[in-house]
Amino acid sequence: MRIKDLLLLFTCCLFTILSVAQKNNSRVSLKGQLKNFSNQVEVEDLSDLQYLLPASAARMIIPDTAGNFSISFNIQSPNYFRLGRNILYLSPGDNMEVFIDKNNPVAGRFKGIGSEPNLYLRNTPFPKGGSFVEAGRKVRKVARETIDTILQIAANREKQLAETKGISAEFRRLEKARVQADLVNSLHAAMLYYLPKISKDSLAVYNSEYKAIAVPLIDQYTKDFLDPSLMKLVVYRDVADEIIKHPGDKKAIEQIKDWFTASDLINDMKKASDKDSLRTWQDKVSRLKVPAYKAAVSKTLTNLLRFGKGDIAKDFTAVDMKGNKVKLSSLKGKVIYVDLWA
């Protein structure tokens, strides 16, 4: 074989090896034990595409009776996920051994490649619980004390982030933004949802004092906080409507508004009763401006159009209570009850 041919063969082999390595490096591998979970759980995407894309079983975990599991899946870039009440930050190539207790996120253990950001995230507040307000547990009977408590928790969280080693600059940027968004969310929650248990007259005074202090703070922390790249944070999406009230880059504001439009489209699509109604959404989807949102919503629409009211059911064979094999098509015209067990 000539030198030229050998070099060509070597180049082809090297390209193949690099391609395989790159493909494998896009995978995330998790194994370990889950506690207080049901018989299956999803590693749920928490990015801004969370509810825009159709459901997928690619990240579904089915642990054994002792809670042991092993799963591997592809991701294209670092992203936030959720497993139980633990928020995860996973990057291509991560390979971890984990223990997660659904009832106690702080007890989570992570070991291996990618463990550092996930050890930090164990203390992440749950946005729907009012972030630092913690479903009302941190609300005080005096307005000023409630706000001081929220500000102190935010300061402690920033200090913890600053002291965390082994994390990327991008993760640090995102988490710094999360603290600020959690702070805004907390101030809102303690004003609208989680109030102290005091008399009606005292509550009126509390509300008046609280708003006088909190409203300017909310304005302060939402001003100059416009950044569409932060929409991958759940809590940033929760306060984004407040952020875009401020003057700012029009393109950035339009990107964030586009997410709200996409979310509304998804909600409306899922309420549609038949395919004829769904087809009317094609034009609305085409008007979305952010390519990722347009692609995700379009994928969901296509998925919903695959099977709907009036379609002929896919034929299949199942076993009845007597052990006989029965085809669905043989029961045409009859009322059918299908009992499925996992």
Side-chain angles (χ1 to χ4, degrees), residues 28-37 41-53 56 58-61 69 71 73 75-92 94-135 137-138 153-154 156-186 189 227 229-240:
V28 168
S29 296
L30 304 174
K31 66 177 181 179
Q33 187 179 36
L34 303 179
K35 183 179 179 182
N36 293 315
F37 283 81
V41 60
E42 181 186 3
V43 182
E44 183 183 356
D45 180 1
L46 285 187
S47 74
D48 45 345
L49 302 181
Q50 180 181 13
Y51 298 118
L52 304 187
L53 286 168
S56 170
R59 297 185 304 275
M60 190 65 70
I61 294 174
F69 78 96
I71 188 173
F73 51 88
I75 62 173
Q76 300 304 313
S77 59
N79 188 31
Y80 286 98
F81 296 86
R82 185 173 69 192
L83 186 50
R85 290 182 72 89
N86 278 82
I87 294 177
L88 308 179
Y89 186 77
L90 303 177
S91 300
D94 281 357
N95 189 343
M96 287 183 286
E97 186 173 342
V98 310
F99 168 81
I100 293 180
D101 183 346
K102 187 177 181 181
N103 297 339
N104 188 11
V106 179
R109 298 193 297 269
F110 302 87
K111 183 179 179 181
I113 301 171
S115 59
E116 291 86 355
N118 292 291
L119 288 169
Y120 167 81
L121 285 170
R122 291 179 299 181
N123 296 303
T124 303
F126 197 59
K128 302 305 179 187
S131 293
F132 301 134
V133 178
E134 296 177 9
R137 288 190 293 274
K138 298 296 183 180
I153 295 174
N156 293 343
R157 191 69 173 149
E158 282 193 333
K159 183 174 183 291
Q160 184 186 2
L161 177 62
E163 293 172 350
T164 301
K165 308 295 183 182
I167 57 176
S168 68
E170 173 63 4
F171 178 74
R172 197 178 295 278
R173 180 187 78 89
L174 290 168
E175 286 305 307
K176 187 174 180 181
R178 182 198 297 279
V179 175
Q180 186 169 337
D182 275 324
L183 178 53
V184 175
N185 191 40
S186 305
D227 186 345
S229 73
L230 300 177
M231 289 293 282
K232 64 171 59 179
L233 296 168
V234 173
V235 70
Y236 187 87
R237 299 198 296 271
D238 286 345
V239 299

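Index from 1, following the sequence. These figures come from a predicted structure and were not determined experimentally.
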Residues forming a salt bridge (charged side-chain N to carboxylate O under 4.0 Å, His left out) with Lys128, sequence neighbours excluded: Asp238
Pairs touching residues 165-181 that satisfy salt bridge (charged side-chain N to carboxylate O under 4.0 Å, His left out), sequence neighbours left out: Glu170-Arg173, Arg173-Asp227, Glu175-Arg178
Sequence-distant partners of Tyr80, ring pair (Phe, Tyr, Trp, His ring centres under 6.0 Å), two or more places apart: Tyr89
Side chains of Phe81 and Leu30 in contact at under 4.5 Å (non-hydrogen atoms): no
Contact check, side chains of Arg157 and Leu183, non-hydrogen atoms, under 4.5 Å: no
Separation of Met96 CE from Leu119 CG (nearest 0.5 Å): 9.0 Å
Val184 and Tyr236, any side-chain heavy atoms less than 4.5 Å apart: no
Summary of side chain to side chain donor-acceptor pair (under 3.5 Å) pairs that have at least one residue in residues 41-53, sequence neighbours excluded: Glu44-Gln50, Glu44-Arg82, Asp45-Ser47, Asp45-Asn79, Asp48-Tyr293, Gln50-Arg237
Euclidean distance, Asn86 CG relative to Asn123 CG, rounded to 0.5 Å: 10.0 Å
Side chain to side chain donor-acceptor pair (under 3.5 Å) partners of residues 95-110, not counting sequence neighbours, each pair once: Asn36-Asp101
Test item: Asp94 side-chain N/O and Ser91 main-chain N/O as donor-acceptor pair under 3.5 Å: yes
Side chain to side chain donor-acceptor pair (under 3.5 Å) partners for Lys159, two or more places apart: Glu163
Any donor-acceptor N/O pair, Asn185 side chain to Pro127 backbone, under 3.5 Å: yes
Residue Arg122 excluded, over 12 heavy atoms near CZ under 6.0 Å: yes
Note, Val43 side chain near Ile61 side chain (heavy atom, < 4.5 Å): yes
pair Asp182-Val179: side-chain heavy atoms closer than 4.5 Å: no
Min side-chain heavy-atom separation Leu34-Leu83 under 4.5 Å: yes
